[in-house]
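Remarks on the structure that follows.
Not measured: the values here are computed from a predicted model. A, B, ... follow the sequence lines: proteins, then strands. Residue 1 opens every chain.
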There are 2 protein chains.
Amino acid sequence: METRDLFSLNFSSQDCPSRRALDLITDKWTPLVISILATGPCRYMNIKRQIGGITQKMLTQTLRKMEDEGLATRTVYPTSPPTVEYALTPLGKTLVEPIQSLLDWARTYGLQMNSIRPLVEEYPQ
Amino acid sequence: METRDLFSLNFSSQDCPSRRALDLITDKWTPLVISILATGPCRYMNIKRQIGGITQKMLTQTLRKMEDEGLATRTVYPTSPPTVEYALTPLGKTLVEPIQSLLDWARTYGLQMNSIRPLVEEYPQ
DNA sequence: CAGAATCCTACCTGATACTG
DNA sequence: CAGTATCAGGTAGGATTCTG
C-alpha cells in the first residue's frame, strides 16, 4: 500500500483546514449522529433515542455545530407540538462513507482492544 | 447505498465495546499518530516534529494509550542518548485504512466547511 | 533524546429546571 | 416535542521544570 500521500496533509499547522475538519469529525457525538442521519432525515427525539447517554444539551449543540459547518439542515414544521427534522447536506453525505469505515472497524475490532492482547494470526496482510 | 447495517452497532449502550473503540479513534491526536506510523516505525521526536502543536505530554499520553489498547508497540534501544521507536501492531494496522479515509475527507472537503456554504453542484451522487 | 512530574485553566459535559 | 438557561464538576490539555 502506498501511504506516502497521507503527508500531503500538513500536520505542522494546527489551524489548517484539514485539522479543523478533523476536529469536527473526531467529535464525541458527531459520528454517531451522522451515521443515524445517513439512513435519511430524522426527528430530534428519534435521534436522541438511538444514542444512549447523550443529553439534549449535547445533541442540540452537536446538531447546531453540524448546521453551522454545513453538514446538516434543520427543518421546522409549524405543527403543535413542534416537529423538527434534521437531514444531511450534500457535504454531510460525503462524510457517511469515512464514518461508516470507522464504525465498521469499531464493530469488528472493538472487542479486541483494551488489555485484551491481539492474536497476530487474526489480522489480514 | 445500503446503510441499514450501521445499526448493528448498538448506540444505546454507552459502554459497549464499539463505543469504547470509537472513543479511542475519535481522540484528538490518535488519528494523526496512526497516520504517521502507517508509513513505518518512527522515533518519538520524529513523530512530534510532524504533528504541529502537540506537547510531549500529549504525545506520550497518546502513545501510552495506544500501547495499552494494543495498537502500537514501544521499543527502547539502549543507546545514549536513548532511542525509542514506535510501530503499529497488526491490530493498529487495521485502523490505517479507516483513518486514511477520514484524512482524505478532511483534505478534500475541509476547506468547504465552517460558514463557507457548500455548492450543491460540487458533490457526487 | 525521551520522557516524568507538577501546576493550572478552559471547556466539555452532565444535571436540573423551565418554555412555546 | 424540541428545545433554552443556568450551575457545577471533572478532566483534557497546555506550560513549565527537571532528569537519566
Just N and O in the side chain of [X]: are any of them under 4.0 Å from OP1 or OP2 of [N]?
X: R64(A); N: dT4(D); result: yes
X: R43(A); N: dC1(D); result: no
X: R74(A); N: dA2(D); result: no

Worksheet entry | Base-contact (B) and sugar-phosphate-only (S) positions in nucleotides 14-20 of chain C, heavy-atom cut-off under 4.0 Å, - elsewhere | BB-B--B

Rounded to the nearest angstrom, tell me the gap between atom [atom1] in [X] and atom [atom2] in [N].
X: N46(B); N: dG3(C); atom1: CG; atom2: P; answer: 13 Å
X: L59(B); N: dC1(C); atom1: CG; atom2: P; answer: 13 Å
X: L63(A); N: dA2(D); atom1: CG; atom2: C1'; answer: 11 Å
X: Y44(B); N: dA4(C); atom1: OH; atom2: P; answer: 8 Å
X: Q61(B); N: dA4(C); atom1: CD; atom2: P; answer: 11 Å
X: K48(B); N: dG14(D); atom1: NZ; atom2: C1'; answer: 12 Å
X: Y77(A); N: dA2(D); atom1: OH; atom2: P; answer: 12 Å

Practice prompt. Name all residues meeting the side chain to side chain donor-acceptor pair (under 3.5 Å) criterion together with T30(A); count only those two or more places apart in sequence or in a different chain, and write none if there are none.
Written response: D27(A)

Worksheet item: With a 4.0 Å cut-off, would you call D104(B) and R107(B) a salt bridge?
Response: yes

Item to complete: Select base, sugar-phosphate, or nothing to describe what Y86(B) touches, counting heavy atoms under 4.0 Å on all strands.
Response: sugar-phosphate

Worksheet item: Which pair of heavy atoms, one from T79(A) and one from P81(A), lies closest together, and at what distance?
Response: OG1-O, 2.9 Å

Practice prompt. Tell me, with the steps shown, if E67(A) and T89(A) meet side chain to side chain contact (heavy atoms under 4.5 Å, CB included).
Written response: CA-CA 9 Å; E67(A) 219 191 330; T89(A) 62; over 6 Å; no

Discussion item. Grouping I, L, V, M, F, W and Y whenever their side-chain heavy atoms are under 4.5 Å apart, do I47(B) and Y77(B) come out in a common cluster?
Written reply: no

Item to complete: Decide side chain to side chain contact (heavy atoms under 4.5 Å, CB included) for K93(B) and L91(B); before the verdict, give the C-alpha distance in whole Å, the side-chain angles of both, and the deciding distance to 0.1 Å.
Response: CA-CA 5 Å; K93(B) 285 178 182 168; L91(B) 179 60; over 6 Å; no

Discussion item. Show, in sequence, the C-alpha distance, side-chain angles and deciding distance for S101(A) and Q100(B), and conclude whether the side chain to side chain contact (heavy atoms under 4.5 Å, CB included) test is met.
Written reply: CA-CA 10 Å; S101(A) 295; Q100(B) 184 170 29; over 6 Å; no

